[in-house]
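To keep things clear, I will list the structure first and then write my remarks on it.
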Protein chains: 2
Amino acid sequence: MALDRRTLRWNGWGSHDEAFEFGEHADAVWAWLRAELGLDAFNLRPAATLDSLALPEPTLDADARAALERIVGHQWVRGDRYERAFHARGQSYHDLLLLRAGDVATAPDLVIYPRAEQVQAVLAWADTAGVAVVPYGGGSSVVGGVSGDPASGREGLVTLDTTRMNRLLELDEASHTATFEAGIYGPELEERLGARGFTLGHYPQSFEFSTLGGWIAARGAGQQSGRYGKAEHWLVGAKLATPTGVLRTGSFPASAAGPDFNHLVAGSEGALGVITEATVKLHRAPSVHDYRGCLFPDFAHGLEAVRALVQAEVPVATVRLSDPSETSFFAEFTRARKPPSTTRRVAGKALEAMGYAAQRCVLIVGHEGERGAVEVAHARTNAIVRRNRGIPLGRGAGQSWYSDRFALPYIRDPLLDRGVAVDTLETSTAWSNIRRLHKAVCEAIASAANETLRGGERAMVMAHVSHAYLDGASLYFTIVFPQAGVGSELRQWQGIKNAACEAIIGHGGTISHHHGVGSDHRPWLAAEKGELGVRLLEAIKGELDPKGIMNPGKLV
Amino acid sequence: MALDRRTLRWNGWGSHDEAFEFGEHADAVWAWLRAELGLDAFNLRPAATLDSLALPEPTLDADARAALERIVGHQWVRGDRYERAFHARGQSYHDLLLLRAGDVATAPDLVIYPRAEQVQAVLAWADTAGVAVVPYGGGSSVVGGVSGDPASGREGLVTLDTTRMNRLLELDEASHTATFEAGIYGPELEERLGARGFTLGHYPQSFEFSTLGGWIAARGAGQQSGRYGKAEHWLVGAKLATPTGVLRTGSFPASAAGPDFNHLVAGSEGALGVITEATVKLHRAPSVHDYRGCLFPDFAHGLEAVRALVQAEVPVATVRLSDPSETSFFAEFTRARKPPSTTRRVAGKALEAMGYAAQRCVLIVGHEGERGAVEVAHARTNAIVRRNRGIPLGRGAGQSWYSDRFALPYIRDPLLDRGVAVDTLETSTAWSNIRRLHKAVCEAIASAANETLRGGERAMVMAHVSHAYLDGASLYFTIVFPQAGVGSELRQWQGIKNAACEAIIGHGGTISHHHGVGSDHRPWLAAEKGELGVRLLEAIKGELDPKGIMNPGKLV
């Protein structure tokens with residue numbers, strides 16, 4: 001496989017060798033955060049060690065292991081402590097809370113690393129044996145998508161790690177498509193394409209530690225989705241191995257041959273089968289990446305500018321508009337990390353005086369492509385920004401966001417060490433509804449969080465728009481709050497999560513724009529898909545996975 | 001309803017008041033065609049009259065009729081000769097052949113015109129009574145999509161005409177979306193939007209006589225799909241009435257809440273339910289429509305130019321590249337209709353001398369939008385066209401195609417009167433495969449047609465690309481051939497159709513790019529979707545329509 005699991009954290013983000021760089025003013029950053037959260041001191045909460053874990057007793061016997069070894073080879077069946085703990089959960093706040101508390105009840109009995117051509121045999125065996133199979137790519141799910149379900153009542157639980165399926169099978173240069181095995185990690189995929197002058201352009205925050213199959217299974221979105229599309233937009237065709245056979249979707253530019261099962265594979269979340277191959281749309285690798293910042297006096301003006309940009313069909317790769325709360329958070333965080341020069345302070349004061357004060361919002365706009373096209377798009381963007389009271393801030397803010405874009409997930413682990421929770425959730429809605437939904441979700445989260453806090457403590461609720469369409473946009477919420485007392489953290493999180501999801505469903509948002517359903521959003525799926533929609537999902541699942549062995553407890 | 005059925009031909013295209021304008025040189029046109037087909041004289045084949053039809057004996061009794069009248073109102077249940085004949089079939093060559101021969105075995109017992117809010121009750125009644133229901137919008141299906149299936153063994157057959165469901169329910173200007181009842185006809189839909197400065201931009205050749213719901217059910221494509229997308233691209237959300245309840249898909253700009261059922265409604269072909277409402281994406285009505293012609297020395301250069309255009313992301317509304325055969329056909333047809341001036345003849349000779357001769361291909365490129373954007377796109381287009389040995393021909397050719405774009409379907413009826421068959425079929429494939437597929441299908445059609453022709457007779461096989469994507473394009477084939485002897489025409493057609501479909505499936509094409517599956521393409525669906533894909537379709541149908549009353553014999 002491309003990435004040795006041992007180089008990665010089993011109970012945190014990314015590589016052991018990497019950490020968020022707080023810089024020389026780290027103490028000032030922590031002091032600022034402590035004050036913001038209304039804490040006298042951080043409540044240090046060390047994580048459980050690997051050795052201290054009480055892993056569940058495996059229920060699969062030696063015969064089962066031998067059967068799997070016959071299919072995938074002895075060395076690709078793993079039952080050691082590290083592999084089981086590593087594959088026990090994904091990367092949600094909820095997952096990390098439990099992993100750090102030493103709760104690995106969701107760990108598989110065994111982890112297998114099949115080649116693509118072995119997957120069908122694995123599923124056939126599991127179907128006969130009544131063993132649950134959890135497909136696992138990068139494991140970066142933040143909705144409980146890769147955790148075992150101890151309540152599923154199966155005969156045992158195997159995690160099927162897809163990362164040995166990492167070959168480029170075909171690059172069709174004339175058609176701008178490539179067919180990959182679906183377990184390939186982001187960096188390796190882009191490296192293979194880049195060598196031939198192409199890109200898929202799918203760069204989610206998890207890019208370094210997530211896989212092609214995972215992006216498709218969860219209908220993921222990269223930060224440049226404006227140019228390259230979400231997974232369901234760039235997916236051309238797929239091969240889904242299921243307990244009842246292989247489903248191949250047609251790889252056509254467009255078709256009228258009945259319903260399009262690519263949109264069933266996209267969003268299948270491992271609950272319908274294992275994506276073993278995918279054909280994807282490519283673009284010529286852009287020669288120019290141009291990212292800039294703009295400042296708006298308030299969220300309403302920023303939203304109008306973003307809406308005008310997409311509706312005027314200005315080609316943009318990235319638009320990322322922070323609300324006032326997120327704008328302030330990052331401004332203060334940046335100030336604490338790197339105290340501003342006198343010039344900057346003066347400029348800041350001047351902007352405040354001009355009305356870009358407490359309600360101000362930062363927008364990052366990224367253009368990618370050939371120089372000429374980027375320049376035209378940039379000029380059109382600036383005109384629209386100015387028409388909506390926006391001030392172009394130049395490349396500094398854009399480049400700073402661009403270079404930090406994969407680093408932020410590393411910040412959560414040191415926060416958790418200090419008893420500070422961070423959770424994120426997201427949705428999308430029509431332009432006409434976006435301010436109403438933003439307000440409702442922020443208020444619901446703040447109110448639910450406050451109920452769980454002790455006197456003087458504060459939660460920070462912030463949001464941004466990061467994917468904009470002709471007809472609407474996504475909203476991405478981040479919550480930072482002091483953890484409740486030991487043993488109550490899960491209840492605290494569930495209260496906040498419930499309030500947010502109720503507000504989303506109650507105010508016209510989708511339960512997820514690009515994270516997926518997993519186990520966390522399942523309680524709200526019926527409200528979104530309707531009673532008949534859920535029955536339809538069950539009928540589809542019943543046909544592909546009649547015994548319900550695929551990723552039990554997720555999606556449907 | 002918007003269009004009175006009595007103003008339309010029950011056994012031919014469009015309105016009684018309209019016909020194809022052959023102009024003052026009509027005799028010359030017919031003489032040219034006769035010579036091309038190798039005919040000494042046309043075999044005149046008059047169509048059966050309405051009065052002579054032997055309509056099948058209705059199997060629904062008075063109680064059934066009364067039950068339907070209670071739901072939709074007395075005046076909206078029709079069992080007269082005209083209504084039954086009108087709704088007996090669609091608009092395929094195969095349909096017209098049978099209608100003109102007086103074969104209306106597929107006619108419904110009754111035709112009902114419900115309002116949207118009555119559809120669910122109709123389906124519930126039909127489900128209980130075991131009566132088949134055929135949803136019918138404009139009836140312009142060319143794949144047998146709206147014919148009754150006498151072999152379905154139901155207790156009776158009702159055609160559910162959707163055209164009274166024609167209200168605009170909401171126009172969300174901020175979000176660029178509109179929600180319509182799905183039976184609205186093209187012109188009325190665009191009129192409602194145009195009054196507010198918007199357009200859907202979906203203009204298939206059938207535009208005047210097809211409905212929103214039909215476009216979605218068949219995954220249709222308008223001639224400006226490059227700008228506005230196919231039905232599955234502009235569909236935001238839908239309401240599908242089914243025998244087991246209403247399926248509402250989410251109307252979100254994008255979502256990760258599991259599989260996207262919009263892509264199941266798009267392509268549902270009346271076999272899963274009746275689309276009663278749809279929310280669609282809008283664009284601001286363009287101020288400029290700029291259509292121009294270009295000439296290439298051969299098909300390969302034309303294809304390279306079209307591929308380069310879409311892969312360079314030049315915004316184009318329409319690209320329509322005729323192969324050498326279609327280019328010659330239209331050149332000669334135009335010459336016969338309107339003999340060219342001396343200047344034009346000289347120019348034509350000069351082009352021939354330059355290598356734009358027997359293999360030459362015409363490309364129509366249309367740009368729509370605001371003037372500045374259209375001018376930029378036009379300049380980029382011309383540069384790419386020239387780089388591929390193309391010669392810009394100016395606006396004449398473009399405008400002539402644009403103004404004739406809804407007139408061509410009227411040409412078939414007078415051809416059929418003269419014993420000349422016209423059929424069309426279409427597919428799509430990857431750029432890397434398009435020349436191979438084009439050649440294989442043309443050869444298969446020509447060879448199958450030749451087997452059915454008498455000595456000296458000839459078939460004309462021609463094709464064009466009309467929808468181009470980053471990764472591939474559509475191919476649309478037209479066949480003009482002398483009909484076989486009376487009584488053998490159906491066998492003749494089936495032989496040609498089979499050969500074409502086998503060639504498409506055998507050479508990497510989809511069985512349909514925008515016509516749909518209907519009954520005509522059903523034999524090839526398993527080859528495209530795979531055995532598991534068909535089982536999945538059956539499972540979906542089983543959940544929504546367990547008794548199989550919806551449009552039996554179509555899709556699945």
(message) At a 4.5 Å cut-off on heavy atoms, which part of A:Thr249 comes close to chain B: side chain, backbone, both, or neither?
(response) neither

(message) With a 4.5 angstrom heavy-atom cut-off, is it the side chain or the backbone of A:Glu232 that approaches chain B, or both, or neither?
(response) side chain

(message) I'd like to know which of A:Gly533, A:Gly530, A:Gly250 tops the heavy-atom pair count under 4.5 Å against chain B.
(response) A:Gly533

(message) Only pairs of heavy atoms separated by less than 4.5 Å count here; which of A:Gly472, A:Gly369, A:Ser432 has the most with chain B?
(response) A:Ser432

(message) Using side-chain heavy atoms (C-beta onward) and a distance below 4.5 Å, is B:Leu532 in contact with A:Arg248?
(response) no

(message) Counting only non-hydrogen atoms closer than 4.5 Å, does A:Val143 touch chain B with its backbone (N, CA, C, O), its side chain (CB onward), both, or neither?
(response) neither

(request) For residues B:Ile540 and A:Pro259, determine if any side-chain heavy atom of one lies less than 4.5 Å from a side-chain heavy atom of the other. (result) no

(request) Go through the atoms of A:Ala266 and report whether side chain, backbone, both or neither lie under 4.5 Å from a heavy atom of chain B. (result) backbone

(message) Please classify the contact between A:Leu470 and chain B as side chain, backbone, both or neither, with a heavy-atom cut-off of under 4.5 Å.
(response) both

(request) For chain B, find which of A:Thr177, A:Ile511, A:Asn262, A:Leu544 contributes the most heavy-atom pairs closer than 4.5 angstrom. (result) A:Leu544

(message) Is A:Asp172 in contact with chain B via its backbone, its side chain, both, or neither, using a 4.5 Å heavy-atom distance?
(response) side chain

(request) Under 4.5 Å heavy-atom distance to chain A, tell me which part of B:Arg522 shows up: side chain, backbone, both or neither. (result) neither

(message) So for A:Lys529, is it side chain, backbone, both, or neither that comes closer than 4.5 Å to the heavy atoms of chain B?
(response) both

(request) Check each atom of A:Leu536 against the heavy atoms of chain B and say whether the ones under 4.5 Å are side chain, backbone, both or neither. (result) both

(request) For residues A:Glu313 and B:His283, determine if any side-chain heavy atom of one lies less than 4.5 Å from a side-chain heavy atom of the other. (result) yes

